[in-house]
Each structure stands twice: as structure tokens, then as C-alpha cells.
Amino acid sequence: DEAALRAVEETEAAAAKDGIDLASGGLVFDTAEEEALTYSPERGNVAFGSASHGWAFSISSFAKLIAAKMGAKPENMQRVLWGEWSFNKKTRRAQRRSPTDTKSKPMFVEFVLQQIFAVY
């Protein structure tokens with residue numbers, strides 16, 4: 001398409017004008033900066049909510065509640081509430097879930113979603 005080709009040429013011309021050669025591979029991404037801008041529930045920069053029901057929460061808010069009941073550190077609870085972690089009731093510890101584990105539930109499901117589902 002002629003318009004797309006013209007857009008690419010204009011972008012390359014503008015980049016060359018600003019001193020960035022896109023073809024040379026000299027464009028470097030700052031991985032640390034990219035990670036700092038990434039949304040992730042365990043980092044506390046994601047909220048879950050329902051506008052129609054008037055509630056919202058973050059992983060950190062639930063982590064504080066659960067940690068207080070279990071005698072755990074909120075920071076540790078926040079780290080394991082999201083992702084492939086399950087709660088071992090016998091040892092009372094969080095453990096990584098294996099990909100073949102079909103019996104245990106992720107901690108987010110067990111400690112957060114089941115509580116919400118119980119209300120609805």
C-alpha cells in the first residue's frame with residue numbers, strides 16, 4: 001500500500017532528523033524502566049473491582065487482611081497471592097504449584113475469589 005510505505009518513509013526521515021538510525025540496531029531499550037512501567041498485581045499497581053456493585057481491591061489490601069489472620073508478613077503474602085502459588089494446609093506455607101497439579105488451587109482463587117463468590 002502506497003500510504004503505508006509513505007508513512008514508513010516519513011517515520012524514518014523524522015527519526016534520522018532526530019539522530020536515531022532505526023536500521024543500525026542502535027535503539028536500546030531500558031529493561032529496568034520497562035519493568036517499572038509494567039502492570040502486575042503482585043507489585044500492587046493493579047486493582048480489581050466492580051463499578052456496578054461499588055467495590056474494588058488490590059492484592060495488597062487482601063494481603064494485609066489475610067496476613068493478619070495467619071500471622072504472616074503482608075509483603076510475603078502479597079508476593080504469593082498472585083501467580084502459581086498454593087497454600088499447603090499441613091505446613092501452613094505457600095508453595096509453587098507444579099504445572100501438573102490439578103488438586104490445589106492458586107492462592108488468589110482460594111483466598112480472594114472464593115470469598116467474593118461466596119457473597120454473590
Side-chain angles (χ1 to χ4, degrees):
D1 178 64
E2 203 171 302
L5 182 58
R6 192 175 9 193
V8 169
E9 289 171 352
E10 288 174 5
T11 302
E12 288 176 349
K17 178 182 165 195
D18 293 335
I20 302 170
D21 181 6
L22 298 177
S24 73
L27 192 58
V28 179
F29 290 100
D30 185 348
T31 307
E33 186 176 329
E34 287 293 320
E35 256 186 51
L37 299 174
T38 302
Y39 292 108
S40 178
E42 68 267 23
R43 296 178 80 197
N45 59 8
V46 174
F48 302 87
S50 170
S52 62
H53 294 109
W55 55 262
F57 67 90
S58 65
I59 293 290
S60 62
S61 61
F62 258 88
K64 289 174 189 170
L65 291 170
I66 298 165
K69 288 182 178 183
M70 298 179 78
K73 293 180 181 178
E75 314 82 58
N76 293 343
M77 187 62 70
Q78 182 172 335
R79 191 170 56 87
V80 297
L81 267 179
W82 188 259
E84 291 301 315
W85 292 90
S86 63
F87 182 69
N88 184 322
K89 291 176 176 72
K90 290 179 184 175
T91 62
R92 298 192 48 83
R93 293 180 165 266
Q95 60 189 32
R96 285 251 181 224
R97 291 182 75 229
S98 89
T100 59
D101 182 359
T102 58
K103 293 181 181 180
S104 70
K105 297 176 185 165
M107 288 183 68
F108 184 77
V109 172
E110 187 172 349
F111 290 102
V112 180
L113 289 183
Q114 285 185 335
Q115 310 312 310
I116 294 170
F117 294 157
V119 174
Y120 291 97

Student check: side-chain heavy atoms of Ile59 and Phe108 closer than 4.5 Å: yes
Heavy-atom pair with the smallest gap, counting every atom of Glu42 and Trp82: OE1-CD1, 3.0 Å
Aromatic contact, Phe62 with Phe48 (centres under 6.0 Å): no
Non-hydrogen atoms of Ala67 and Lys73 that approach each other most closely: CB-C, 3.9 Å
Common cluster, Val119/Phe117, ILVMFWY with side-chain heavy-atom separation under 4.5 Å: yes
Contact check, side chains of Thr38 and Arg43, non-hydrogen atoms, under 4.5 Å: yes
Over all atoms of both residues, closest heavy-atom pair of Gly44 and Gln78: N-NE2, 3.5 Å
From CD (Glu110) to CD (Gln115), nearest 0.5 Å: 9.0 Å
Within-4.5 Å side-chain heavy-atom neighbours: Trp85 and Arg96: yes
Minimum-distance pair of heavy atoms, taken over all atoms of Pro41 and Val46: N-CG2, 3.7 Å
Joint cluster assignment, Leu113 & Leu65, ILVMFWY side-chain distance < 4.5 Å: no
Approximate separation, where rounding is to 0.5 Å, of Lys103 NZ and Ser98 OG: 11.0 Å
Met107 to Met77 - nearest heavy-atom pair and separation: CE-SD, 3.9 Å
Heavy-atom pair of closest approach, residues Pro74 and Ala63: O-CB, 3.7 Å
Atom pair NE2 (His53) and CD1 (Ile116), whose distance is rounded to the nearest 0.5 Å: 11.5 Å
Met70 and Phe111, any side-chain heavy atoms less than 4.5 Å apart: yes
